[in-house]
Amino acid sequence: MHERRKPYPFDSIEPKWQTLWDERRLFHAPNPGEPGFDPAQPKYYVLDMFPYPSGAGLHVGHPEGYTATDIVARYKRLRGFNVLHPMGWDAFGLPAEQYAIRTGQHPEITTRQNIARFKMQLKRIGFSYDWEREITTTDPDYFRWTQWIFLQIYGSWLNPETQKAEPIATYCGDDPDSVRLAYVAEVPVNWCPELGTVLANEEVIDGKSEVGGFPVVRRPMRQWMLRITAFAERLIDELEPLAWPDGIKLLQRNWIGKSVGAEVQFAVADHDETITVFTTRPDTLYGATYMVLSPENSLVARLASPDQAEAVAIYQKEVAAKSDLERTDLAKDKSGVFIGAYALNPASEARIPIWIADYVLSGYGTGAIMGVPAHDERDLEFARKFDLPILEVVQPPNDEVTVGFVGEGTAINSPLIEGLATTEAKQRISAWLEEQGLGRRTINYKLRDWLFSRQRYWGEPFPIVWSEGKHSAISESELPLVPPPLDDFKPTGSGEPPLARATDWVRYSDAATRELNTMPQWAGSCWYYLRFCDPENNGRFVGEDAERYWMNVDLYVGGTEHAVLHLLYARFWHKVLFDLGHLKTNEPFQRLVNQGIILGEDGRKMSKRWGNVIDPLDVIALYGADAFRCYEMFMGPLEQMKPWSMTGVEGVSRFLARVWRLFMEENQSGEWILSSSLAEAAPTKAQLKILHATIKKVTEDIEALSFNTAIAQMMIFVNAFTTAEVRPVAELRTFLVLLNPFAPHLSSELYESLGKRFSITSPEITDQPWPEYEEALLAEDEIEIALQVNGKVRDRVQVATAATREELEALALANPRVQEFIAGKSLGKVVVIPGKLVNVVAT
RNA sequence: GCCGCUGUGGCGAAAUGGCAGACGCAACGGACUUAAAAUCCGUUGGGCUUAACGGCCCGUGCCGGUUCGAGUCCGGCCAGCGGUACCA
């Protein structure tokens, strides 16, 4: 293949402008109080989800969101905003550690190399980041503040009175650790015996380790937890006013999973025990014909009868041995064992059998349920399998089958609430339970506390020491707490973290040793958006003035994969810091947008396996960065999933070449010179109109992030001006400003070239104001309207824009085509939509 | 199962309830060229009809509804993609 002729000299233009932007610090945003800061301007903080710098480098998915935010950032700057548009690296993470385990190369080196490559790629695309604000989560100057924030969380609790985090000193009870927002608990974790390590949920696929495919079992271990559940209510409520996609809000709400219901106490026959269950349907209490405890419930051992004890023990053992895979697989088939004890239904006083079954989870509610088989699918399946009684207590509103009806209806067979509608029945029975001291109204959440420790090397060490089995914080002055040097980064195999190998480091004092766990990768990304406001600050995680000026994030763009966890965790930390008075804002991200993923040309997800991965640098080598950016935006709506197309890139590249030739032509010796068609001439009316339509469309579309249609409009502009014999330079110059956020290199170069021959007031396009459109110039004297008969277009006619309804109606009725179609029919009403159409109804 | 998103030409897609298919790709025809590439101009949803200009019908996953008028709103399905997994 011989070398393709470049459609325009992007290969010399683009590096030139990239260098120039760097040298002039053009995209550096000074902070309040710094030289060059203009307090008169409004601010705009536009943020990307910063990447994990993997060894593979950028793929075309990363720059999709980055291009969108870059367009917005450049646009807002042209509109006079102080724009904060930063980039950094979420650099702690498993791949670098695993590479270290294989090769012995320290993760820090791998990380540094990967960052350098990522940064080079991003610069080559021409993004206008303020690189003076670059941050890396693995940098001690950064993670000292991650550790500091952990200490804030560790040192506080959620006061239920105020629903706010407060210093732990304000807690008056005798066990502060029971309320601390960071605490240690014995919790089941994903233990992989083959790998000798604990895995995060995301690292477990179908009950097997993502790496190696080894079985993973649940095993209780002592872990650091963050009490995010204390914020469940606020995390739901304060989501409401944010400008986020409804789907994402819903996803978060469902993840938090609020359920309103009641706890009900059941006495156990012949025992001095009670079992408390949680139910969302207290109105079905009379229908509770049996009871189920989770196999792990501590009551089981005490309640099991001697003749059932063995069966119970066997079942418990079976369940414990089940891997996640088996549990998932067997989910459809219910299993369980009768424990030989009975409970008393507090409403009906019936004696009901107590079972254990693994469909009841120990971690949710009270770890016990009342079985109401008539009105719960799972209970019904269980009751049918084990032949337990089924008692209908809710009458469906229509003629539906009663057994298995889970909706709302009327209470039956329930003396205390007989005949009441479900909502009222719930109220009545809950009130009765409360009067009798047998229960209370309560709320449960699916959300669990956040398992915050990892048994890894490449993460932030906890600023915690242990002495006589008790944890305590190290002082802030000891931060950053840097991980010790190690030669061997492998897990120890016993479940003990690799940091245990650094024996000197572990020993804190004669009496105390360091915490060996490290924080999960989420930690660094929970607050990076704050650090961007003031990345150099050595005295505080973010300066107060800087935070007050820049926060909130006005626009946050990233992938849906972070729709739940990252965004939930970051909101949680933000709220703690807010409550403690360290921040002025309650929520971090005002407007959120998720870009859709880009598929390969074959319509499949890009992956090495299919060989359909596109490297941005390859595309840029052929078509240039501007074409790459514009194509990414022209493909379709930002939020939508869409396939890559190389011929599509070529089309956009042709558009940019047409822009180039609008201004430039080749002379005899093949050099590009300013086009002879350019002139300081008055535009035609039609040209003015199209320019102003373009200003309007591009402006509105950027605000709405509808970049594809903005580009389409610019294509219309270029097509119209290409055919003009005289090209009015003032209008073309304005067009370059519109194009600038999308194709910054090309537009800058052409703008500069124009300045060489035509008078130009400011030296650079970036000093231009964003143009305003004039509505008057968009108006037409005459427009075409459609004439319809019964909703079908029968003719189109030119009419004066100012034509009145009456004139339009008369015109339509007099039209021969319309008359043809209404002939012989009786005339109904005539709908007139000025500027659009007239619809004549005839039957 | 449940929840969410998406279904429009050969393809990516446009369209405040008001002329479906803007813009681009691909394809085809023409100009330029010794030729090709590049560039420029034009045609391009399907069917029927006309010598031609033109005209008619159908068409936004399927079925129904609201409306003078539905790709758009409402109800019920179907398919694809994504998330989630017994949360009482």
Side-chain angles (χ1 to χ4, degrees), chain A residues 2 4-7 245-248 250-251 253-255 257-259 261 277-281 284 292 294 324 327-328 330-334 357-361 363-372 375-379 381-382 406 444-448 560-561 563-564 594 596-597 599 603 605 631 634-637 639-652 654-655 657-658 661 706 708-716 718-719 722-723 784-796 817 820 828-833 835-843:
Chain A
H2 63 91
R4 214 175 51 90
R5 193 171 177 286
K6 301 246 181 330
D246 288 336
I248 302 297
L250 193 65
L251 218 56
R253 269 198 295 274
N254 290 345
W255 189 266
K258 180 178 178 175
S259 296
V277 303
F278 173 72
T279 177
T280 55
R281 292 296 299 269
T284 63
V292 186
S294 77
D324 278 9
R327 279 206 187 193
T328 314
L330 300 174
K332 285 155 212 125
D333 197 19
K334 294 274 181 295
D358 68 355
Y359 86 92
V360 175
L361 309 173
Y364 181 78
T366 60
I369 61 153
M370 59 182 201
V372 185
H375 306 293
D376 182 280
E377 256 176 70
R378 298 147 304 181
D379 294 347
E381 194 194 330
F382 191 77
V406 297
N444 257 299
Y445 300 93
K446 274 197 243 182
L447 183 69
R448 303 298 158 80
T560 343
E561 68 273 21
V564 177
N594 292 116
I597 61 169
L599 305 171
K605 235 178 187 156
Y631 175 65
F634 187 63
M635 290 172 80
E639 277 132 303
Q640 196 169 300
M641 180 193 299
K642 42 208 178 285
W644 187 265
S645 156
M646 232 34 177
T647 53
V649 184
E650 212 164 308
V652 171
R654 269 202 283 270
F655 157 64
R658 280 163 74 89
R661 288 194 308 269
S706 303
N708 54 331
T709 47
I711 293 171
Q713 179 63 36
M714 289 192 281
M715 287 172 169
I716 292 171
V718 170
N719 291 345
T722 295
T723 50
E784 188 183 74
I785 66 161
L787 302 182
Q788 298 182 335
V789 177
N790 293 331
K792 289 195 175 173
V793 181
R794 295 305 178 184
D795 205 358
R796 296 167 221 272
R817 290 277 302 151
E820 186 185 323
K829 78 175 173 184
V830 179
V831 182
V832 182
I833 311 291
K836 296 278 183 187
L837 54 75
V838 179
N839 186 18
V840 179
V841 183
T843 48

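Order of the sequence lines sets the chain letters (A, B, ...), proteins ahead of strands, with each chain counted from 1.
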Exercise. Quote, to the nearest angstrom, the C1' distance that separates B/G29 from B/G12.
Key: 24 Å
Quiz item: For atom P, what is the distance between B/G65 and B/C56, given to the nearest Å?
Solution: 27 Å
Quiz item: When all nucleic acid strands are considered with a 4.0 Å heavy-atom cut-off, which category describes A/V841: base, sugar-phosphate, or nothing?
Solution: sugar-phosphate
Practice problem: Using a 4.0 Å heavy-atom cut-off across all strands, classify A/N254 as base, sugar-phosphate, or nothing. | Solution: sugar-phosphate
Exercise. Return the value, rounded to whole Å, for the distance between atom CG of A/L361 and atom C1' of B/U84.
Key: 14 Å
Quiz item: When the distance from OH of A/Y359 to P of B/C86 is rounded to whole Å, what number comes out?
Solution: 13 Å
Self-check item: Contact summary for A/A786 and A/V793, nearest pair of heavy atoms
Solution: CB-CG1, 4.2 Å
Quiz prompt | Any residue meeting side-chain hydrogen bond (donor to acceptor under 3.5 Å, both in side chains) with A/K258, in chain and number order, not counting sequence neighbours | solution = A/E233
Can you tabulate the close N/O pairs, meaning under 3.5 Å, that link protein atoms to atoms of nucleotides 4-9 of chain B?
none

Quiz item: What pairs with A/N708 under side-chain contact (heavy atoms from CB on, under 4.5 Å), at least two apart in sequence or on another chain?
Solution: A/P637, A/S706
Quiz item: Residues in side-chain hydrogen bond (donor to acceptor under 3.5 Å, both in side chains) with A/N719, at least two apart?
Solution: A/R658
Quiz item: Side chain of A/T280: nearest nucleotide among B/C68, B/C41, B/A88?
Solution: B/A88
Quiz item: Which of the following nucleotides, B/C56, B/A14, B/A88, is nearest to the side chain of A/P637?
Solution: B/A14
Quiz prompt | Check against side chain to side chain contact (heavy atoms under 4.5 Å, CB included), A/M370 and A/T284 | solution = CA-CA 10 Å; A/M370 59 182 201; A/T284 63; 3.7 Å; yes
Self-check item: Euclidean distance for C1', B/G30 against B/A20 (whole angstrom)
Solution: 30 Å
Quiz item: With sequence neighbours excluded, what pairs up with A/A563 under the side-chain contact (heavy atoms from CB on, under 4.5 Å) test?
Solution: A/I248, A/L251, A/T560
Self-check item: Whole-angstrom distance between B/G21 and B/A15, as gauged at atom P
Solution: 13 Å
Quiz prompt | Partners passing side-chain contact (heavy atoms from CB on, under 4.5 Å) against A/V652 (at least two apart in sequence or in another chain) | solution = A/C630, A/Y631, A/F634
Practice problem: For A/N444, check side-chain hydrogen bond (donor to acceptor under 3.5 Å, both in side chains) against everything at least two apart and list the hits. | Solution: none
Self-check item: Whichever of A/G636 and A/G835 has its nearest RNA chain B nucleotide further upstream toward 5'
Solution: A/G636
Quiz prompt | Phosphate OP1/OP2 of B/C57 contacted by A/R794 side-chain N/O (<4.0 Å) | solution = yes
Quiz item: With no hydrogens and no angle check, is any side-chain donor or acceptor of A/N790 less than 3.5 Å from a backbone partner on A/A842?
Solution: yes
Quiz item: Mind checking what makes side-chain contact (heavy atoms from CB on, under 4.5 Å) contact with A/E639, not counting sequence neighbours?
Solution: A/V593
Quiz item: Would A/V838 and A/I833 satisfy side chain to side chain contact (heavy atoms under 4.5 Å, CB included), going step by step from the backbone distance to the final call?
Solution: CA-CA 6 Å; A/V838 179; A/I833 311 291; over 6 Å; no
Exercise. Starting from the 5' end of RNA chain B, give me the residue, A/N839 or A/V360, whose nearest nucleotide shows up first.
Key: A/N839
Practice problem: Nearest whole angstrom, please: distance from the P of B/A85 to the CG of A/D358. | Solution: 16 Å
Quiz item: What string of B, S and - do you get for nucleotides 20-26 of chain B, 5' to 3', if B is base contact, S is sugar-phosphate-only contact and - is no contact with any protein heavy atom under 4.0 Å?
Solution: --BBSSS
Quiz item: Does B/G9 fall in syn (glycosidic angle within 90° of 0) or anti?
Solution: syn
Quiz item: Can you tell me how far P of B/G83 sits from CD of A/E561, to the nearest Å?
Solution: 10 Å
Practice problem: To the nearest Å, give me how far apart CZ (A/F655) and P (B/A13) are. | Solution: 20 Å
Quiz item: Dot-bracket, RNA chain B: Watson-Crick or G-U, under 3.5 angstrom, [ ] crossing, | other strand?
Solution: (((((((..(((.....[....))).(((((.......))))).(((((....)))))..(((((..]....))))))))))))....
Self-check item: Contact under 4.0 Å: A/K829 side-chain N or O vs B/C68 OP1/OP2
Solution: yes
Self-check item: Separation of B/C86 C1' from A/D379 CG (nearest whole Å)
Solution: 10 Å
Quiz item: Touch check for A/T723, heavy atoms < 4.0 angstrom, all strands: base, sugar-phosphate only, or nothing?
Solution: sugar-phosphate
Practice problem: Could you state the atom-to-atom distance from NZ of A/K446 to C1' of B/C3 in whole Å? | Solution: 9 Å
Quiz item: Is any side-chain N or O of A/R661 closer than 4.0 Å to OP1 or OP2 of B/A38?
Solution: no
Practice problem: Sequence neighbours left out, what passes salt bridge (Lys or Arg N to Asp or Glu O under 4.0 Å) with A/D379? Give chain and number order. | Solution: none
Exercise. Answer yes or no on whether A/K334 is positioned over the face of A/F382, meaning its NZ or CZ is under 6.0 Å from the six-membered ring centre and within 45° of the axis.
Key: no
Quiz item: Partners of A/R817 by salt bridge (Lys or Arg N to Asp or Glu O under 4.0 Å), sequence neighbours excluded?
Solution: A/E820
Quiz item: Is A/M641 touching bases, backbone alone, or none of the nucleic acid, heavy atoms closer than 4.0 Å?
Solution: sugar-phosphate
Quiz item: Roughly how far apart, to the nearest Å, are B/G10 and B/C62 at atom P?
Solution: 14 Å
Exercise. Please report, rounded to the nearest Å, how far the P atom of B/A85 is from the CZ atom of A/R448.
Key: 10 Å
Quiz item: When rounded to the nearest Å, what value does the distance between P atoms of B/A22 and B/C74 take?
Solution: 27 Å
Self-check item: Whole-angstrom distance between B/G47 and B/U67, as gauged at atom P
Solution: 36 Å
Quiz item: Looking only at atom P, what distance separates B/C81 and B/U16, rounded to whole Å?
Solution: 29 Å
